[in-house]
Amino acid sequence: MKKLSIKNIIFAFSAAIILNGTMTSCLNDIFDKQPLDKVSDDTFWKNENDALMAWTACYNHGSGWVSNTFWAPRTMLWLDLMAGLGGEGEGRPDGVTDGTLTSSYWVTNEYWSQTYKTIATCNNFLYHINDINMNTEVKNRMIADVRTLRAYHYFYLATFWGDVPLVTTVLSMEEANSVRRTPVNEVWDFIENELKESAILLPVTIPDSELGKMSQGTAYAILGRVLMGQKKWSEAAEIYKKIIESNVYIVESDFQKLFWEQSEYSKEILLASQYVEDDFYHVLPQYLYPQVNGGWHSYNPYNELVMQFECIDGKTIDESPLYDENNPYDNRDPRLLYTVMVNHKSSFQGKEYISDPFSDSPDRFGRYAVWTGYCIAKFLDGGFEGNLMNYGGNFILIRYPEILLSYLESKLEAGDEITQLLLNETINKVRERTSVNMPAVTETNPSELREIIHRERCVEFAFEGLHYYDILRWGTASEELNRQFTGMKLTTDPENYTASAVNEKGYAICSRRIFTPGKNELWPIPLSEIQLNPNLVQNPGY
């Protein structure tokens with residue numbers, strides 16, 4: 001089998017990218033990206049090399065400012081901002097959950113259009129691949145890979161929109177402008193079938209030379225998310241058990257460096273979007289870095305996330321005797337400072353992070369009204385010294401700790417017995433990594449353990465794009481997003497503090513989110529799509 005690394009060759013795929021552009025340039029509707037111009041079809045789809053190029057083009061979701069799809073670094077991080085873990089300086093994703101969301105909002109519209117553009121590319125690949133005379137094993141692996149990629153994107157469409165058009169073939173313009181929404185249960189059934197059939201044809205392990213492609217474990221991990229979203233707990237547990245018993249993946253000892261470019265071959269990673277410095281890059285560091293380090297400090301964690309991190313004794317801040325309200329960042333789970341930069345406690349590349357509102361720091365609280373005083377620490381690559389606009393580090397989409405925590409949650413919700421051995425093989429493997437070393441969980445009471453699992457997922461995967469999915473399936477979105485959010489601790493004497501608005505504990509008062517139950521569980525179908533195709537009936541409330 002030919003070895004193909006997305007990361008090493010994607011910059012050479014200008015022909016495939018141009019081909020993809022040809023697909024989309026002359027059509028008006030988002031679904032109507034195909035077919036290719038007949039001359040391009042006749043010229044391009046000839047041999048195995050063409051198939052390899054087109055295969056990789058299915059993964060081309062843009063570099064630079066990135067495309068707004070469920071694959072790119074910035075827009076995956078946006079999901080967690082929408083879910084209440086933080087806000088952005090320009091407020092772009094905040095409009096999804098601040099009570100103002102409409103069918104004209106460009107953020108959700110971009111997710112829709114860019115995702116269907118990717119699906120169209122996958123459909124086009126699957127339409128043409130069987131016409132190529134090539135090694136059958138290689139061909140079957142390619143087909144299974146692209147079906148898995150397409151299923152991954154349909155998972156997000158079904159999660160955020162419910163009933164969606166299930167387009168699996170190349171459409172004419174007339175067909176594209178008349179498609180209807182498929183009931184979400186049928187979409188889930190389709191995704192499940194695609195992943196089950198594809199998984200057995202995918203390799204169990206992926207060599208470094210093929211970094212970025214789908215493995216059997218990746219397909220099962222996506223399937224696990226689909227099953228959990230439908231509360232098919234026993235089935236989900238069986239799928240996650242398959243991944244665990246494959247003995248392919250590990251929990252790395254160094255949590256902080258896991259998100260640096262040097263760790264992109266880690267066996268903790270099941271799936272990551274691929275980038276190459278200067279050639280196929282992304283600009284997340286420019287958004288993330290504190291201004292003192294040359295970044296824009298665009299994203300601002302909320303204190304509600306900070307409060308989720310336990311103290312080092314394994315107890316919450318409401319329970320632990322180690323918690324000091326006047327020094328709230330002391331004695332906390334090490335993942336707190338790996339995830340969030342805190343005034344006078346964090347530093348990066350030799351520069352102290354200072355957000356003291358009375359300092360002259362460019363990162364000081366109050367310099368911009370939208371800042372919370374915190375900055376995202378996760379993803380800050382201490383080994384990178386290049387141009388922040390040309391970063392080549394990959395962005396992790398699925399990690400092994402998700403498999404372990406999801407297996408435990410599925411077993412719990414299925415009503416299975418929870419033993420200490422099960423806890424040690426799942427959640428405690430995540431907590432015991434050397435750089436974290438948090439006390440083992442021993443709780444087996446279902447209601448209390450459920451709360452622990454929810455909190456563990458929040459702090460472990462913060463800003464990786466999972467939290468929105470979690471709070472939707474847990475049914476807690478209306479609770480978590482109907483509240484006043486806060487920022488850093490500004491004073492120990494809130495009654496006499498007048499420099500800016502603070503709550504009763506002295507934390508900065510920041511944005512407020514609004515979530516309407518019965519409406520905001522789903523996003524609106526883009527108005528532009530409904531205007532083109534009246535068969536697309538809008539979600540309730542929009």
Side-chain angles (χ1 to χ4, degrees), residues 6-7 10 13 16-17 19-21 23-24 27 29-34 54-83 88 92-93 95-96 105-125 145-161 164-168 187 191 194 212-214 218 221-222 225-226 271-276 280-284 287 379 391 393-398 463-469 523-526 528-529:
I6 298 176
K7 188 171 182 71
I10 199 164
F13 278 73
I17 294 171
L19 177 64
N20 196 30
M23 298 179 205
T24 64
L27 303 175
D29 185 81
I30 186 57
F31 300 111
D32 198 18
K33 303 300 177 186
Q34 315 294 344
W55 182 22
T56 298
C58 291
Y59 285 87
N60 174 33
H61 305 293
S63 63
W65 286 100
V66 303
S67 61
N68 295 307
T69 184
F70 297 102
W71 191 266
R74 182 185 64 171
T75 46
M76 290 305 291
L77 188 154
W78 275 4
L79 290 177
D80 275 5
L81 301 184
M82 298 174 198
E88 191 212 19
R92 282 173 285 194
V96 178
Y105 192 44
W106 74 271
V107 172
T108 50
N109 292 2
E110 279 288 293
Y111 279 104
W112 171 284
S113 63
Q114 294 295 322
T115 299
Y116 270 112
K117 187 180 296 183
T118 298
I119 288 171
T121 306
C122 293
N123 287 344
N124 187 71
F125 174 90
D145 185 286
V146 173
R147 289 174 71 188
T148 300
L149 179 62
R150 182 176 63 179
Y152 169 90
H153 287 285
Y154 267 119
F155 158 75
Y156 281 103
L157 289 172
T159 296
F160 291 110
W161 280 280
V164 293
L166 182 57
V167 181
T168 61
V187 179
I191 297 170
E194 289 288 283
K213 292 293 173 58
M214 299 291 181
T218 305
I222 301 167
R225 289 184 181 180
V226 171
L271 182 66
S273 52
Q274 306 291 300
Y275 295 91
V276 180
F280 197 80
Y281 56 87
H282 66 83
V283 302
L284 194 58
Y287 282 102
F379 316 119
Y391 185 55
N394 299 339
F395 187 84
I396 301 172
L397 298 168
I398 303 176
F463 305 119
E464 296 177 47
L466 266 182
H467 195 57
Y468 206 148
Y469 157 73
W523 291 350
I525 305 296
S528 59
E529 298 299 326

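Note that this is a predicted model, so its numbers are computed, not measured.
- A 4.5 Å side-chain heavy-atom check between Leu157 and Ile119 finds at least one atom pair inside the cut-off.
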Go through the steps for Leu149 and Trp55 under the test side-chain contact (heavy atoms from CB on, under 4.5 Å), then give the verdict.
CA-CA 11 Å; Leu149 179 62; Trp55 182 22; over 6 Å; no
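- Residues passing the side-chain contact (heavy atoms from CB on, under 4.5 Å) test with Ala221, sequence neighbours excluded: Ile243, Leu270, Ile398, Ile403.
- Between Tyr468 and Val96 the shortest side-chain heavy-atom distance falls below 4.5 Å.
- Minimum interatomic distance between Cys58 and Thr118 (heavy atoms only, all atoms of both residues): O-CG2, 4.0 Å.
- Residues Leu79 and Met82 are in side-chain contact: their nearest non-hydrogen atoms beyond the backbone lie under 4.5 Å apart.
- Taking 4.5 Å as the limit, every side-chain heavy atom of Thr69 sits out of range of all side-chain heavy atoms of Lys117.
- For Phe463, there are no ring pair (Phe, Tyr, Trp, His ring centres under 6.0 Å) partners at least two apart in sequence or on another chain.
- No side-chain heavy atom of Thr108 sits under 4.5 Å from any side-chain heavy atom of Phe160.
- Contacts of Phe379 classified as ring pair (Phe, Tyr, Trp, His ring centres under 6.0 Å), with partners at least two apart in sequence or in another chain: Phe259, Phe395.
- Inter-residue side-chain proximity for Glu529 and Trp112 is flagged as met; some heavy-atom pair is nearer than 4.5 Å.
- The closest side-chain heavy-atom distance from Pro73 to Tyr287 is not below 4.5 Å.
- Within the 4.5 Å cutoff, side-chain heavy atoms of Asn68 are placed close to those of Arg74.
- Taking the six-membered ring for Trp and thresholds of 30 and 60 degrees, Tyr156 and Tyr152 have ring planes more than 60 degrees apart, a perpendicular arrangement.
- Two rings, from Phe70 and Phe155, have their centers 6.0 Å or more apart.
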